[in-house]
Number of protein chains: 2
Amino acid sequence: MAQSRPMRADARRNYDRLLAAATEAFAEQGENASLDDIAKRAGVGSGTLYRHFPTRLALLEAAYVDRIEALGARADELAEELPPGEALTEWLYELGVATIRMRGMKALLGSAVADGSSAALTACGTAMKGAAARLVEAAQAEGTLRADLEPVELLRLGHGVTTASELANGQGRELRRYLTLLTEGLRPAG
Amino acid sequence: MAQSRPMRADARRNYDRLLAAATEAFAEQGENASLDDIAKRAGVGSGTLYRHFPTRLALLEAAYVDRIEALGARADELAEELPPGEALTEWLYELGVATIRMRGMKALLGSAVADGSSAALTACGTAMKGAAARLVEAAQAEGTLRADLEPVELLRLGHGVTTASELANGQGRELRRYLTLLTEGLRPAG
DNA sequence: GGAAAAGCGGGGACTGTCTCCGTTTAGTGC
DNA sequence: GCACTAAACGGAGACAGTCCCCGCTTTTCC
């Protein structure tokens, strides 16, 4: 993936500025922040923004890859600290909280775990799927997770539960509750 | 809620035309269909559209209330045909399918079950919540549904699961699967 | 039939996306 | 240093969408 020729100095500078501006704007205004406005913040023309990041999703991904990778790494930390089943739940929780807090990230993760997600999103998608797969496998080996669950199903359900919790406006409290309901099921507690 | 004075004939006519055009447009192009375009289809000016339906959600609601009420009624039909637990699952399934099929309906139902949904949406919201409450109560009485589940939680989780299934692009097949996972829980089958 | 109320509608301000192309600039070889 | 070239810039402008305003038309009611 290395550029055949390194980026020109001004291009590099603008790229970085755009990324910084985007992170800021997405955090403040959510995933629909105006792209022209981001260009303005970065002090570049909109043409420059669109050349570096042809779609909104591309920019979103570039702005959040490191966070996503951190979440992937976090999965492994949790796997060391906790028994597999708990590690998995806790990871889903942290993932959900991050999704809710970092307002731009929802669309990104959503399309990353969608069927037929664009090739541009492979980075985030594979990071997530890898982390999920490791946790799922461990929990299944331990016997605390149903054996027929696919990692990507877990991610999608996690996304769904996060969506449910967003509807409640409750910044995390509902998320825990809904995750419990998902893991335990809706049948009476046994 | 009756108008103090009945609608003027031309107003009534335009209102109906707008509704028909909106239903068509939302079905074809999803919830983000252009409002000006809907006005054009109906053969009225955009001012007229905005006077009758001040927000997109208002139009969406007006276009779908009857479908929503039908879904509410369907809950009671199912309650008669099936044991409470199954009726509930089946209803969630039909609700999800409708949400996915009628492309404009997702946003509507989403805000209807969100905390602090606008006053304008009370009609759809209460219809849904009523239907859910009846099913929940019956299933809890039967003992096939955990006693601490609130109806609105069920609706939100249903919405979340539908979202999860949309990510899979699978038009219904995944929805059944994800609903099963929700009701049975992620623990190994007992 | 005529006055007042109700309603119409499209022009226009505004915001956002995205492209095109003339201009500028960094890098390179001399 | 200097000139040259390919890369990169940037902002004007085409387009699409939302939404409001207000002069004009239609309906209603007496």
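Note that the structure is predicted; figures quoted are calculated from it, not measured. Lettering follows sequence order; numbering is per chain, from 1.
Salt bridge status for B:Glu90 with B:Arg176: present, with a side-chain N to carboxylate O gap under 4.0 Å. Between A:Glu69 and A:Arg74 there is no salt bridge, since no side-chain N of the basic residue sits under 4.0 Å from a carboxylate O of the acidic one. Between A:Asp16 and A:Arg12, at least one side-chain nitrogen of the basic residue sits less than 4.0 Å from a carboxylate oxygen of the acidic one, meeting the salt-bridge criterion. With salt bridges taken as basic N to acidic carboxylate O contacts below 4.0 Å, one links B:Arg41 and B:Glu28. Between A:Glu174 and B:Arg156, none of the side-chain N atoms (NZ, or NE/NH1/NH2) sits under 4.0 Å from a carboxylate O, so this pair counts as no salt bridge.
Scanning DNA chain D 5' to 3' for nucleotides with an atom closer than 4.0 angstrom to a non-hydrogen atom of chain B gives a first and last hit of D:dG17 to D:dT28.
Remark: P of C:dC18 and NE2 of A:His52 are 17 Å apart, rounded to the nearest angstrom. Atom pair A:Leu57:CG and C:dT17:P shows a separation of 14 Å (rounding to whole Å applied). Regarding B:Leu35, its CG atom lies at a distance of 17 Å from the P atom of C:dG9, rounded to whole Å. A straight line from CZ of A:Arg56 to P of C:dC18 spans 8 Å, rounded to a whole angstrom. Protein atom CG of B:Asp36 is 15 Å distant from nucleotide atom C1' of C:dC8, rounded to whole Å.
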- Footprint string (nucleotides 19-30 of chain C, 5' to 3'): B base within contact, S backbone only, - free, heavy atoms under 4.0 Å: B-----BSS---

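At the heavy-atom level, B:Ser34 lies under 4.0 Å from the strands shown only through sugar-phosphate atoms. Backbone-only contact: A:Asn14 has heavy atoms under 4.0 Å from sugar-phosphate atoms and none from a base.
A:Leu108 and A:Val152 fall into different hydrophobic clusters, defined by Ile, Leu, Val, Met, Phe, Trp and Tyr side-chain heavy atoms under 4.5 Å apart, directly or through other members.
Residue pairs satisfying the ring pair (Phe, Tyr, Trp, His ring centres under 6.0 Å) criterion with at least one member in residues 12-33 of chain A, sequence neighbours excluded, are listed as follows: A:Tyr15-A:His52, A:Tyr15-A:Phe53.
When side chains are defined from C-beta on, A:Glu150 does not count as touching A:Val136, because their heavy atoms never get closer than 4.5 Å.
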